[in-house]
Amino acid sequence: MQGLIQRVNEAKVVVDGKVVGEIGHGILLLLGVEKGDDQQKADKLLHKVSGYRIFSDSEGKMNLSLKDIGGNLLVVSQFTLAADTKKGMRPSFSSAAVPALGEELYEYFVSQAKQSLTTVQTGQFGADMKVHLVNDGPVTFRLEV
C-alpha cells in the first residue's frame with residue numbers, strides 16, 4: 001500500500017460537476033492499493049500519514065504532523081500509483097489490487113481515519129474525478145508500507 005501525500009492549503013474533488021469532498025489546510029492523500037495489501041498495512045499507512053511531520057513549527061521547520069495541527073485529510077483512490085513504469089512506454093498495472101480489494105481497503109482506511117482525525121473527506125472510489133488543489137510549498141512525499 002502506498003500513498004502520495006501533498007501538503008495543501010485547500011483541495012477538493014469534483015465528480016460529474018459536483019464537489020464530493022473538500023478540505024482546507026491539511027493533506028491530500030492519493031491512496032494506491034496493491035495485491036497483498038491488508039488492513040494491517042492500511043493501519044500502518046494511516047499512522048504514517050497522520051504522524052508524518054510535514055507542517056512548519058514556529059521556527060519554520062517541518063516538525064509538526066497532521067494530528068499536531070488538527071489539519072484536514074482528503075483521501076482519493078489512485079490505482080495508478082501501483083503502476084510499474086520501469087519497462088516500455090505504457091504502464092503495467094499487474095501489481096494493482098483488484099477493484100473489490102482496492103475498494104474494501106480504501107473504505108477501511110477512510111473509516112479508521114475518521115476515528116482518529118478531526119476532518120476526513122473523500123473522493124469517490126472508481127469515479128472519474130477532477131482533483132483541484134493548492135499545494136503548499138510544494139511539499140509532496142511518497143509513503144510506502
Can you tell if the side chain of [X] reaches within under 4.5 Å of the side chain of [Y], non-hydrogen atoms only?
X	Y	result
Tyr108	Glu104	no
Gln39	Leu105	yes
Leu45	Leu143	yes
Leu4	Phe141	no
His47	Ser116	no
Ile5	Ile54	yes
Met129	Val76	yes
Glu10	Asn72	no

Answer yes if [X] and [Y] sit in the same cluster of Ile, Leu, Val, Met, Phe, Trp and Tyr residues linked by side chain heavy atoms under 4.5 Å apart, and no otherwise.
X	Y	value
Leu73	Val145	yes
Val98	Val33	yes
Met1	Val120	yes
Tyr52	Ile69	yes
Leu30	Val8	yes

Could you note down all residue pairs passing ring pair (Phe, Tyr, Trp, His ring centres under 6.0 Å) where residues 113-137 supplies at least one of them, sequence neighbours left out?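 Residue pairs passing ring pair (Phe, Tyr, Trp, His ring centres under 6.0 Å), neighbours aside: Tyr106-Phe125.
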Where at least one partner belongs to residues 22-45, residue pairs that pass ring pair (Phe, Tyr, Trp, His ring centres under 6.0 Å), sequence neighbours excluded: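 Listed once each, the pairs are His25-Phe55.
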Salt bridge (Lys or Arg N to Asp or Glu O under 4.0 Å) partners of [X], counting only residues at least two apart:
X	value
Lys44	none
Glu107	none
Asp128	Lys130
Arg53	none

Looking at residues at least two apart in the chain, or sitting in another chain, which of them share a side-chain contact (heavy atoms from CB on, under 4.5 Å) with [X]?
X	value
Val20	Val13, Val15, Gln124
Pro91	Ala83, Thr85, Phe93
Asp57	Glu59, Lys61, Asn63, Leu64

Closest heavy-atom pair and its distance - [X], [Y]:
X	Y	result
Val49	Leu66	O-CB, 4.3 Å
Ser50	Leu117	CB-CD2, 3.9 Å
Ala82	Ser95	O-OG, 2.6 Å
Leu74	Gly123	CD1-N, 4.3 Å

Inter- and intrachain pairs under salt bridge (Lys or Arg N to Asp or Glu O under 4.0 Å), touching residues 13-40, at least two apart: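 Listed once each, the pairs are Asp37-Lys41.
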Going by salt bridge (Lys or Arg N to Asp or Glu O under 4.0 Å), name the pairs with one or both residues in residues 134-145, residues two or more places apart or in two chains.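 Salt bridge (Lys or Arg N to Asp or Glu O under 4.0 Å) check on residues 134-145 returns Arg7-Asp136, Arg142-Glu144.
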Gln78: which residues meet the side-chain hydrogen bond (donor to acceptor under 3.5 Å, both in side chains) condition with it, sequence neighbours left out?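 Testing Gln78 for side-chain hydrogen bond (donor to acceptor under 3.5 Å, both in side chains), a comparison that skips the adjacent residues, returns Thr80.
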Has Gln2 got a side-chain atom pairing as donor or acceptor with Leu31's backbone, closer than 3.5 angstrom?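 Checking the backbone N and O of Leu31 against the side chain of Gln2, no donor-acceptor pair under 3.5 Å is found.
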Run Gln6 and Leu133 through side-chain contact (heavy atoms from CB on, under 4.5 Å) and show every step you take. CA-CA 9 Å; Gln6 298 181 58; Leu133 69 136; 3.2 Å; yes
Let me know which of Thr122, Val75, Asp43 forms a side chain to side chain contact (heavy atoms under 4.5 Å, CB included) with Phe109.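 Exactly one option meets the side chain to side chain contact (heavy atoms under 4.5 Å, CB included) with Phe109, and it is Val75.
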